[in-house]
Amino acid sequence: MKLLIKNGRLIDPATGTDNTYDILIDNKKIKEISSLIKKTPSIKTIDAGGLVISPGFIDMHVHLREPGFENKETIETGSKAAAHGGFTSIACMANTSPVNDNRTVTEYIIARSKQAGIVNIFPIAAISMNLEGKNITQMDDLVEGGAVGFSDDGRCVMSADLIRKSLEYTKMLDVPIIEHPEDHSISGDGQVNEGFISYKYGLRGILNAAEEVIVARDIILQERIKSKLHLAHISTFGSIDLIKNAKKKKIKVTADATPHHLLLNEELITTYNTVYKVKPPLRTEQDRLALIRGLQDGTIDCIISDHAPHTRDEKDKEFEFAPFGVIGLETSFSVIYDRLVRSKTINLKKLIELFSTNPAKILNLKTRGMVKPGLPADLTILNLNKRFEIHENNFLSKANNSPFIGWKGQGVIEYTIVNGKIAYKRS
Amino acid sequence: MKETIFKQKHLLSIEDLSPEEIDLILEIAESFVEVSTRNIKKFPALKGKTVVNLFFESSTRTRSSFEIAAKRLSADLINFSASISSLKKGESLRDTVLTLEAMNPHIIVIRHSASGSPKYLTTFARSSIINAGDGFHEHPTQALLDALTIKQKFKTLRGLKISIIGDILHSRVARSNIILHHKMGNEISLIGPPSLVPKEFEQMGAKVYYDLKEGVKNSDIVMMLRVQEERGGGNYFPSIREYRKLFEINQETFSLAKESAILMHPGPLNRDVEIETSLADSDKSVILQQVTNGIAVRMAVLYLLKGERNEIIN
């Protein structure tokens, strides 16, 4: 199967490209990139005039819920949501049931993703058996089975000894340890950011320090170990400071942030609407602005959705009883483009680095995150002029717990092309 | 009609009320206090209306106070009590309330351990919702009955100094009182250990003290809160002994307040823990008057909300 994409503006930070090109795809791979490739009737052609072509977006942190919680999401529905949001590759977290702490589950996820056949799915396996924070998983076997990183996400590795040993052990595997930085002894059963608003509205708080003490601890350990440490969903001013200083000292650490932490703040919880209940909690405006500066100066390496689907009934509860989490795969690009690129807070090239180039590097996906002849044809085609409005009924995810419902703006996904196949086309 | 000042369909919090609405509730409550001294205490105001007491936390005084208030206004009342654990395992709050609503009540009085639950009810219920205490958030009728008691004593609700002492962090009574007295322009001091009185409460218009004697000085009103060790799960203070040493109100510490000062407590009391028993029983104490006023205030609230059902579910 051949596919020809004509006249698109290709922006690929990995190869330093920003120009109008024709791209020919043949047998799932990029065959040719040049200023003019002749159209022939036998080749399916996409006219990308006026559109932007990016290396396929990669979301390195989603919850697909399968196996175990198929009422919330499945690998198939999560894949459709990913393609809808422009993601050609996603990495799924290990907190399924059973937990992805053994090769059988890793291989099951990969098999199911091939059955769905929509986007590339890269499993993240657990750091510790059953996410209990006691014994490390058989990491080499898991990597051989297809795992691209390790994380106990949803829980922090509370034992400093265990995180030390997992960082040391993975040095020989060249895959990242992805930490969910939250000191549970500080956060307890906190619900929202701790501060004036949590006090006033009578909700148990989660201090910034719950995140920062783990960020600091892991950086200190990593300084000596020099493994691959990635800090997930950074939410505080103080964490940004710590990571920025670590990078200045050339300590190997990478970090990400979510659209909801970049665009929303804690004031939204004063309605007790559970759609704003997330972990880490939405923080203050000061924290939010620090995250934005972190994007600009490279402290934050990539944007993740932390896509966390829950059923309507699970979220339709008293604030304290509702689960944490929001979905994000289908809205990440549009809200970030509209609010941060159109406002000139970051430029489009930076957005593509955050959504594709950098996550590919962090997960060590050598053939993804760039557009070059011979590589798999994963492309995200953007229409920056088309307006959007986010409706709760338009999600392909099983869930609709999005904090961005009702948002309007500009910038949508036109096509998502995965391994040369059109996985999503705007209708 | 003065009652047109009152714009609320629900009573969810003191924060939602204007000072004029607070004055109106108290004014109507005062007239109910007056008639409560008569032999026949019943009014037809809510005849044919149904009030549901929906309590997910054990409560004797608030539940029975609402019950008496509703009955004195000739409403029909049913009590529905359930445990929080049943909500977590069995039927959801939404389904519970929808089931009750199918029986067409007019007013639902809810107490719940989760902050914001009354507000959550208003997103789907058609009845008027009254918050009888939600988590650590608010307990508006308690603050109103406290205000009525203060007004009876000082003939005004303005220009006073109120000290609130104890576990501010976990107290909905404290929050409702802070908000009410800030709206009325009163001086508020909050007193307790730093672990239970975060400095951020000053952003609500209060001043925070860690020293009981300093904070209580020149107060018109000294309001004690129940020490609730079960609330936070411990380690907020080391022992009852040390708490008593630092924050118990007794004859000596109370004497630092004004000569005319009154002593309040929302109950139930921990005698000789936060409050010296002889002081609790002295003529400075208005604790039982608070209970009596609870009925009049709740009658006023029920009367003003009238129990008109929403015809459209929003």
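Throughout, a chain's letter reflects where its sequence line sits, starting with A, and its residues are numbered from 1.
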Side chains of Phe321(A) and Leu93(B), heavy atoms from C-beta outward: is any pair under 4.5 Å?
no
To the nearest 0.5 Å, how far apart are NZ in Lys119(B) and OG1 in Thr270(A)?
7.5 Å
Any non-hydrogen side-chain atom of Leu203(A) less than 4.5 Å from a side-chain atom of Phe136(B)?
no
Is the number of heavy atoms from other residues, nucleotides or ligands within 6.0 Å of CZ (Arg387(A)) greater than 12?
yes
Looking at Glu267(A), I'd like to know if its CD atom is crowded, meaning that more than 12 non-hydrogen atoms belonging to other residues, nucleotides or ligands lie closer than 6.0 Å.
no
If we count only N and O atoms by modelled type, under 3.5 Å, do the side chains of Asp316(A) and Tyr120(B) hold a donor and an acceptor together?
yes
Could you check if a side-chain atom of Phe319(A) sits within less than 4.5 angstrom of a side-chain atom of Ser115(B), using non-hydrogen atoms only?
no
Honestly, the part of Glu15(B) sitting under 4.5 Å from a heavy atom of chain A is side chain
Tyr199(A) side chain reached by Met204(B) side chain, heavy atoms, under 4.5 Å
no
Got a sec: does the NZ of Lys183(B) have more than 12 other heavy atoms crowding it under 6.0 Å?
yes
Contact leader toward chain B among Gly188(A), Gly202(A), Gly195(A), where contacts are heavy-atom pairs under 4.5 Å:
Gly202(A)
Glu200(B)/Lys200(A) ion pair, N-O < 4.0 Å
no
What is the distance from atom CG of Leu121(B) to atom CD of Glu318(A), rounded to the nearest 0.5 Å?
8.5 Å
